[in-house]
Amino acid sequence: MPGDGNVALHADAVAVLAGWTPTGPAAAEARDRTLALLADGPVALTRHHLPGHLTASALILDAAGARVLLCLHGKLHRWVQLGGHCEPGDETLAGAALREATEESGIAGLVIDPVPIDVDIHPVACQGGSLHHDVRFAAFAPQDAVAQVSDESEALGWFPTDRLPEPLAGGTAKLVAPALAAHVRRPR
């Protein structure tokens with residue numbers, strides 16, 4: 001059965017989301033809907049699960065917390081945080097987000113905060129139409145990090161946290177405040 005190799009990731013996703021204090025009412029509703037989706041078992045982590053599946057993403061902040069790294073998505077043609085589908089080797093949601101952010105940014109040494117900053121559910125074209133239940137994290141780039149465009153994006157750019165580019169994907173702007181809060185509380 002698809003998803004059987006994702007038992008550890010499934011257990012982590014349930015534990016992380018069940019113990020997470022949402023950042024707002026919409027995030028709370030999305031968390032509850034995502035936990036209900038996860039009741040279907042590890043298959044809910046795969047594209048084969050037509051009602052929807054988990055994805056993981058990260059809003060990357062520079063070392064000072066003054067800028068965010070966004071990618072101009074190749075298919076959406078909008079600026080978004082970095083992230084994507086969970087893979088069979090992923091053992092944690094934060095690890096999946098870190099893997100995706102590293103692959104898509106080309107930045108070695110990213111550090112991820114393991115506490116989600118948001119959960120968002122949105123329609124996608126996977127398998128002819130499905131839902132992404134995207135668990136979002138904050139990640140922190142090392143000093144003097146240089147990003148490299150991957151095959152999945154048209155461009156990458158560092159933007160001041162108060163001056164994000166257009167066109168911006170829905171939901172990306174609301175990640176800035178909780179990512180900055182994670183930056184402030186992170187150990188140095």
Side-chain angles (χ1 to χ4, degrees), residues 8-35 37-38 45 54-71 79-87 90-122 132-148 153 156-165 168-188:
L9 179 58
H10 179 264
D12 177 74
V14 171
V16 165
L17 293 174
W20 178 58
T21 301
T23 52
E29 179 186 344
R31 179 211 47 204
D32 294 346
R33 287 178 56 195
T34 301
L35 283 168
L37 179 85
L38 288 167
L45 302 168
L54 251 60
T55 56
S57 64
L59 185 67
I60 300 173
L61 291 166
D62 68 5
R67 299 177 303 156
V68 296
L69 180 67
L70 298 176
C71 77
W79 292 96
V80 298
Q81 74 279 2
L82 289 79
H85 290 99
C86 298
E87 301 291 340
D90 295 330
E91 294 187 11
T92 67
L93 277 179
L98 179 60
R99 177 188 50 74
E100 284 285 335
T102 300
E103 289 173 0
E104 293 181 7
S105 71
I107 298 174
L110 291 173
V111 175
I112 196 147
D113 184 336
V115 178
I117 59 172
D118 188 43
V119 178
D120 184 76
I121 302 170
H122 51 273
H132 275 178
H133 291 245
D134 191 35
V135 182
R136 298 163 169 190
F137 296 87
F140 314 108
Q143 191 72 36
D144 300 322
V146 177
Q148 299 174 4
S153 59
L156 291 172
W158 289 102
F159 300 95
T161 58
D162 60 351
R163 289 192 310 275
L164 300 180
L168 191 64
T172 301
K174 73 178 180 180
L175 301 178
V176 173
L180 288 171
H183 186 269
V184 168
R185 73 172 179 267
R186 80 184 197 140
R188 308 250 185 232

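Quantities reported herein were computed from a predicted structural model and do not represent experimental measurements.
- Taking H132 as the reference, H53, H85, H122 meet the ring-ring contact (aromatic ring centres under 6.0 Å, His included) condition, with sequence neighbours excluded.
- Closest heavy-atom contact between A58 and I112: CB-CD1, 4.2 Å.
- With rounding to the nearest 0.5 angstrom, the OG1 atom of T34 is 6.5 Å from the CG atom of L17.
- Tested against L164, the residues D162, T161, L168 include a single side chain to side chain contact (heavy atoms under 4.5 Å, CB included) partner, L168.
- The heavy-atom pair separating A63 from P142 by the smallest distance is CB-C, 4.1 Å.
- For the pair W158 (side chain) and D62 (backbone), a donor-acceptor distance under 3.5 Å is absent.
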Decide yes or no on side chain to side chain contact (heavy atoms under 4.5 Å, CB included) for L70 and L59, but give the supporting numbers first. CA-CA 8 Å; L70 298 176; L59 185 67; 3.7 Å; yes
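- When all heavy atoms of H133 and R33 are compared, the closest pair comes out as CE1-O, 4.0 Å.
- Atom CG of L93 is separated from atom CZ of F137 by 5.0 Å, given to the nearest 0.5 angstrom.
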Query - Pair V119-W20, side chain to side chain contact (heavy atoms under 4.5 Å, CB included): steps then yes or no - result: CA-CA 10 Å; V119 178; W20 178 58; 3.6 Å; yes
Practice item. Test side chain to side chain contact (heavy atoms under 4.5 Å, CB included) on L38 and H10 and set out the steps. Key: CA-CA 7 Å; L38 288 167; H10 179 264; 3.8 Å; yes
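- A donor-acceptor contact shorter than 3.5 Å links the side chain of T23 to the backbone of I117.
- For the residue pair A138 and F140, the shortest heavy atom distance occurs at CB-CZ, 4.1 Å.
- Separating the CG atom in L175 from the CD1 atom in I60 is a distance of 12.0 Å, to the nearest 0.5 Å.
- For residues 96-115, every residue pair satisfying the salt bridge (charged side-chain N to carboxylate O under 4.0 Å, His left out) rule, not counting sequence neighbours, is listed here: D90-R99, R99-E103, D113-R185.
- Residue Q81 holds its CD atom at 8.5 Å from CG of D118, rounded to the nearest 0.5 Å.
- When all heavy atoms are compared, the tightest approach of P165 to W79 is CG-CG, 3.4 Å.
- Judged purely by distance below 3.5 Å, without hydrogens or angles, the side chains of D134 and S57 pair a donor atom with an acceptor atom.
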(message) Between L54 and L37, is the side chain to side chain contact (heavy atoms under 4.5 Å, CB included) condition met? List the steps.
(response) CA-CA 9 Å; L54 251 60; L37 179 85; 4.1 Å; yes
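- The distance from the CG atom of L82 to the CG atom of L69 is 5.5 Å, given to the nearest 0.5 Å.
- Across every non-hydrogen atom of A141 and L110, the tightest pair is CA-CD2, 3.7 Å.
- Taking OG1 of T55 as the start and CG of D120 as the end, the distance is 8.5 Å to the nearest 0.5 Å.
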